[in-house]
Structure formats: C-alpha cells, structure tokens
Peer 1: 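Provided herewith is a single structure, encoded as structure tokens, for subsequent inquiry.
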Amino acid sequence: MSTPRRPPLPRIDERITMKYGAGGRAMRALIEGLFAQGFPATPGPDDVTLSALDDGAAVRVGDRWLVVTTDSHVVKPWVFPGGDIARLAVCGTVNDLAVMGATDPVGLTCAVVIEEGFARTDLEALHASLRAACEEAGTTVLTGDTKVMGRGELDGIVFNTCGIGWASRPVTDRGLRPGDVLMVSGTIGDHGMAIMAVRHKLALEGDLRSDVAPVNGLVRRALEAGGTAISAMKDPTRGGVAAVLHEMAQKSGVGVLIRESSLPVRPAVRAAAELVGLDPLVVANEGKVVLGVRPEAADAVLAALRAHPLGRDATTIGTATDDRIGSVVMDTGFGRRLVAEPEGELLPRIC
Ligand code: MG
C-alpha cells in the first residue's frame, strides 16, 4: 500500500507566533515548509534523515546505525513539580534516542544560554540535576558550551542538548500495519498538566507532578521482548498522544482506532485538564512511550513494560486498522468520533 499524501499544511504566517513552538500542525508547517527544505538525504537507503521528521536521525555505519538527536529546552517555569529544565534536557534527548532504538546513549552535548542576573545557586542546582539525570540514564555529558545574554534579552535560561547512540536496527514512527496493537507505557498528560497547574496557580497543584524520566531502560526491556515485532515507537511530548498517533497513522498509511476507556489518566490530571479545558490526549508527557507492536508479540511486550518501574501502568489503547487511512478515531463507548490533530497554540513553552 502506498502512503497517502498527508493533509495540506497551513501556510506559515508573516510573523512567527507562539503556536509554532507548541508541537501541532503549525510547528509541522514551519519545519516541513521551511527548515527541512533543501537538505538532501544521505546516500544510505536505510538511513533515517531530516525528511523523515522522526525523533532523530539514524545513519548506517557498517552493520549498525548511529542515531543522533538534538533539542532545545525553554520550559517555563524552569523548575516545576517533579523536575527542572536540566532533567528535562537530559530525559528529552535520551528518550528521543531510545524510541529510535538507541537505548544505550554514548553521551550528550549540553549548551546553556543564561540570562544576566541568574543566581549562581540556581545554576549549581541545575548542574546537580543534570548530573543526577545522566546517572539515572546511564550516560554523561561529553562536551558543552555556555553563553550569557543581557538582562531581558532572554527569559532566564535555555538548554540545548544533542545525543548520540547506536542502534542495531532503527525503529521509526512509520512501521505500523493494520492489526498492530498500540500501547502506551503509562498515564498520560502528567508533565503538561503539572506545568499548567503552576502557571495557572490551580488549587490541584499539589497533586500534579511531571513524569519527566529517562525511558531508555524501559524501551530496552520492550525491545528485548518484542524485537522486530515492535513496528513503531515515539515519545508523546508536545501535542501528546494525539499528535503521536496522527504521525504514526499518516506516515504508516494506516488508520488508528483507540478506546477512550483504555486511556490511563490520573484523576488529578483529568480534573486539572477539565478546569483549563484541555484533553489529556493532547497534553505533553516526558517519561512515556507509545508503541506499535505486531499482534503476536503484544502480550510479551506489554508484560515487559509492566515489569519495569516506569511501565507499571502500561496498557493497550487501540489498534492500527485499514479503515480511515491517516486518521485517528476514538471509540467512546457510545459511538465513534475523529480525534483532531492538535493545532498547537494551547501549550507553549512546555518543554
Ligand atoms: Mg520525540
């Protein structure tokens, strides 16, 4: 089956607004319509490069793949319940490598841009957090850079990280076939709602914590159990699980059917999401994985996920279908409805 053309993307506005950074259709328009233009793919037919718009690139070297990913982190506030910008930088990069199949990161680069006036004690706390997160993920910072900008020229601090690792086989986000089982490694919406609760000073703030964590150990277990039966993987960050399922459906050329009753959502996240009028399905996660698995290996992969501390709440949420190619359909128990691809203006500076 040939991959259908993706729905046309919106034109990029004359001036870039916050919605272009929020992980929906607007951001995709900015990347696909501008930044990804004009960079030819590497010659390797099995390579995953910029035009694939995956979590990172995978370039074949001999009989394995060098996986590379890069991220900037601008989360506001830079410290939040459950984590801070340094932990987020390490986990975001380690997780992008892991979902490409590189679960043992060789190392990271770390560049920090600091606003004039930033407290040394705060930098020391972020440095301790950076080290702790690296230790947890079994990796290190290999090289880095620091810059300082004037007061008001930057809002506090920005981290940029790059990660490298090896994969025996890259796992993309486009390998789903009809019948594949879709699963998520735990509760959804925790990171985004924890940030929103702080920003909006919601009374529920105390019950909400970011899930930010390195998932490479968890993904390693899943790959050991499922091997090539794992057909697609992605970490549901900006745009949440909804954006990931849209990417997988459109790139794989399948439909996706999910059951609303199967989506794991903590009560505090559900309550906070209702208060601010958001669907947890579009809210960012920083310690979760969405996997597509061939049906014959689904039980083994699910058991492997659940045996890991970060995957205790792992569950199947639906299946890939040969119906409504490129769309995500939700079975609500009362009927079926289309899940829209997030546009992106709702949650700026979430990571
Ligand atoms: Mg990713």
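Keep in mind that what you see is a predicted model, and the values were worked out from it rather than measured. Both counts, for ligands and for their atoms, begin at 1 and track the order of listing.
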Peer 1: Take E341 and R28 through the test salt bridge (Lys or Arg N to Asp or Glu O under 4.0 Å) and record every step on the way to the result.
Peer 2: CA-CA 11 Å; E341 184 179 0; R28 212 149 59 71; 3.0 Å; yes

Peer 1: Which N, O or S atoms belonging to the protein are less than 2.8 Å from the Mg ion (ligand 1)?
Peer 2: D55 OD1, D96 OD1, D235 OD1

Peer 1: Got a salt bridge between K234 and D173, using NZ or NE/NH1/NH2 to carboxylate O under 4.0 Å?
Peer 2: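 Salt bridge present between K234 and D173.
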
Peer 1: Do L281 and V339 have side chains that approach each other closer than 4.5 Å (heavy atoms only, starting at C-beta)?
Peer 2: yes

Peer 1: Rounded to the nearest 0.5 Å, how far does CD1 of I188 lie from NZ of K288?
Peer 2: 9.0 Å

Peer 1: Does the D180 side chain pair with the main chain of R177, one donor and one acceptor, at a distance under 3.5 Å?
Peer 2: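 Pair found, side chain donor or acceptor close to backbone of R177.
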
Peer 1: Whether R120 and E124 form a salt bridge (side-chain N of Lys/Arg under 4.0 Å from carboxylate O of Asp/Glu) is what I want to check.
Peer 2: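 Looking at R120 together with E124, the answer is yes, because their closest N to O distance falls below 4.0 Å.
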
